[in-house]
Amino acid sequence: MSLLNDIRNLFQIFTRRFGFLSKDCCQAEGYDISLVQSHILYEVDRQPYPSMQQVADTLGTDITTFSRQVQSLVKRDLVKKTPDAHDRRVYLLSLTDEGKRVIAEINRQMNDYLEQIFAGMNESEKDMVIQSIQLLNENIKKTTKCCSGPLG
């Protein structure tokens, strides 16, 4: 097997083990949340009143697909869409109180999971992994896209 095949295999295994292929990424506060919805909730929580286009761009998804996902979160009372006061064509997103509880639970679950992953490493190994991920992210950002749009 070539080096590139070995690397691709490592990414395939990493993707499966981290749960990126799962239909539902988590359950929080009685909700089944998909991976895409989890990313949307995370970005809406992280950015102060982002526009729908800003979050769609950050996630590297087209606005039509993104809009459907947001609408499902609005129907579940997790996200609120508010027309921008300066441009009524633009909608700003925010989390409802229920959405804040859900993302807090998802964050807790993810932090617990990451603690478990890093528990078997010493400080030097943890630093090496974090620096490697940062370096990988920086270099991915510099390349052309592979099979889908760039992710934030």
Side-chain angles (χ1 to χ4, degrees), residues 1-74 76-80 92-152:
M1 204 183 265
S2 74
L3 175 62
L4 292 179
N5 284 338
D6 289 344
I7 293 169
R8 178 158 185 214
N9 188 50
L10 287 172
F11 277 110
Q12 294 291 110
I13 292 167
F14 178 80
T15 298
R16 287 191 300 269
R17 287 186 178 158
F18 209 77
F20 293 139
L21 301 178
S22 300
K23 178 180 175 266
D24 293 322
C25 91
C26 48
Q27 286 190 327
E29 299 292 314
Y31 296 93
D32 289 327
I33 304 294
S34 72
L35 185 60
V36 171
Q37 291 169 341
S38 173
H39 280 274
I40 292 169
L41 293 171
Y42 177 83
E43 289 302 327
V44 172
D45 186 46
R46 194 176 70 80
Q47 302 178 39
Y49 294 97
S51 71
M52 287 187 55
Q53 189 65 56
Q54 285 173 304
V55 178
D57 289 347
T58 298
L59 297 179
T61 185
D62 70 278
I63 194 69
T64 305
T65 303
F66 178 78
S67 216
R68 282 193 300 268
Q69 291 292 332
V70 168
Q71 197 55 39
S72 74
L73 293 169
V74 168
R76 295 164 83 184
D77 195 35
L78 300 176
V79 170
K80 182 178 175 185
L92 305 178
L93 302 174
S94 60
L95 296 178
T96 63
D97 289 341
E98 186 69 7
K100 290 175 186 175
R101 284 191 287 278
V102 168
I103 195 61
E105 176 60 19
I106 292 170
N107 289 340
R108 186 198 62 73
Q109 290 175 22
M110 285 304 302
N111 289 341
D112 289 349
Y113 183 56
L114 291 171
E115 282 179 18
Q116 288 177 31
I117 291 170
F118 283 100
M121 298 180 203
N122 63 39
E123 289 304 313
S124 174
E125 291 169 330
K126 290 176 191 177
D127 290 342
M128 183 174 41
V129 168
I130 292 167
Q131 289 174 9
S132 296
I133 292 170
Q134 288 170 336
L135 179 62
L136 189 61
N137 276 332
E138 289 168 13
N139 281 283
I140 288 171
K141 190 175 183 178
K142 294 175 189 175
T143 64
T144 57
K145 64 182 178 181
C146 170
C147 304
S148 64
L151 298 177

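Position 1 is the first residue of the sequence, and the numbers go up from there. For the numbers below, each heavy atom of this structure counts, side chains included, while hydrogens, waters and symmetry mates do not.
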Less than 4.5 Å apart, side chain to side chain, heavy atoms only: is that true for N122 and E125? yes
For a 4.5 angstrom cut-off between non-hydrogen side-chain atoms, does E43 reach P50? no
Would you please name every residue forming a side-chain contact (heavy atoms from CB on, under 4.5 Å) with [X], sequence neighbours left out?
X    : result
D77  : T96
L10  : none
T64  : D62, R68
I130 : F118, Q134

To the closest 0.5 Å, what do you measure between [atom1] ([X]) and [atom2] ([Y])?
X    : Y    : atom1 : atom2 : value
L93  : Q47  : CG    : CD    : 9.5 Å
Q53  : I63  : CD    : CD1   : 4.5 Å
E115 : N111 : CD    : CG    : 6.5 Å
N139 : L135 : CG    : CG    : 5.0 Å

Just to verify, what does Y113 make a ring pair (Phe, Tyr, Trp, His ring centres under 6.0 Å) with, not counting sequence neighbours? F18
Which residues share a side chain to side chain donor-acceptor pair (under 3.5 Å) with [X], sequence neighbours left out:
X   : answer
Q27 : D32
S94 : none
S51 : Q54
S67 : none

Heavy atoms only: give me the nearest [X]-[Y] pair and the separation to one decimal.
X    : Y    : value
A28  : I106 : CB-CG1, 3.9 Å
L92  : Y49  : CD2-O, 3.7 Å
Q109 : C26  : OE1-CB, 3.4 Å
F66  : I40  : CE1-CG1, 3.6 Å

Looking only at atom types and distance, does a side-chain atom of N9 sit under 3.5 Å from a main-chain N or O of N5, one as donor and one as acceptor? no
Just grab all the salt bridge (Lys or Arg N to Asp or Glu O under 4.0 Å) pairs involving residues 126-138, residues at least two apart or on different chains. E123-K126
Applying salt bridge (Lys or Arg N to Asp or Glu O under 4.0 Å), name anything that partners R108, two or more places apart in sequence or on another chain. E105, D112
Among residues at least two apart in sequence or on other chains, which ones pass salt bridge (Lys or Arg N to Asp or Glu O under 4.0 Å) with E98? R101
Test Q69 against S34 for side-chain contact (heavy atoms from CB on, under 4.5 Å), laying out the working first. CA-CA 10 Å; Q69 291 292 332; S34 72; 4.1 Å; yes
Steps toward side-chain contact (heavy atoms from CB on, under 4.5 Å) verdict (I33, L78): CA-CA 11 Å; I33 304 294; L78 300 176; 4.1 Å; yes
If you apply the rule side-chain contact (heavy atoms from CB on, under 4.5 Å), what do you find for D45 with N107, and how did you get there? CA-CA 11 Å; D45 186 46; N107 289 340; 4.2 Å; yes
Let's go through R76 and V102 carefully: what are the C-alpha distance in whole Å and the side-chain angles of both, what is the deciding distance for side-chain contact (heavy atoms from CB on, under 4.5 Å) to 0.1 Å, and is it a yes or a no? CA-CA 11 Å; R76 295 164 83 184; V102 168; over 6 Å; no
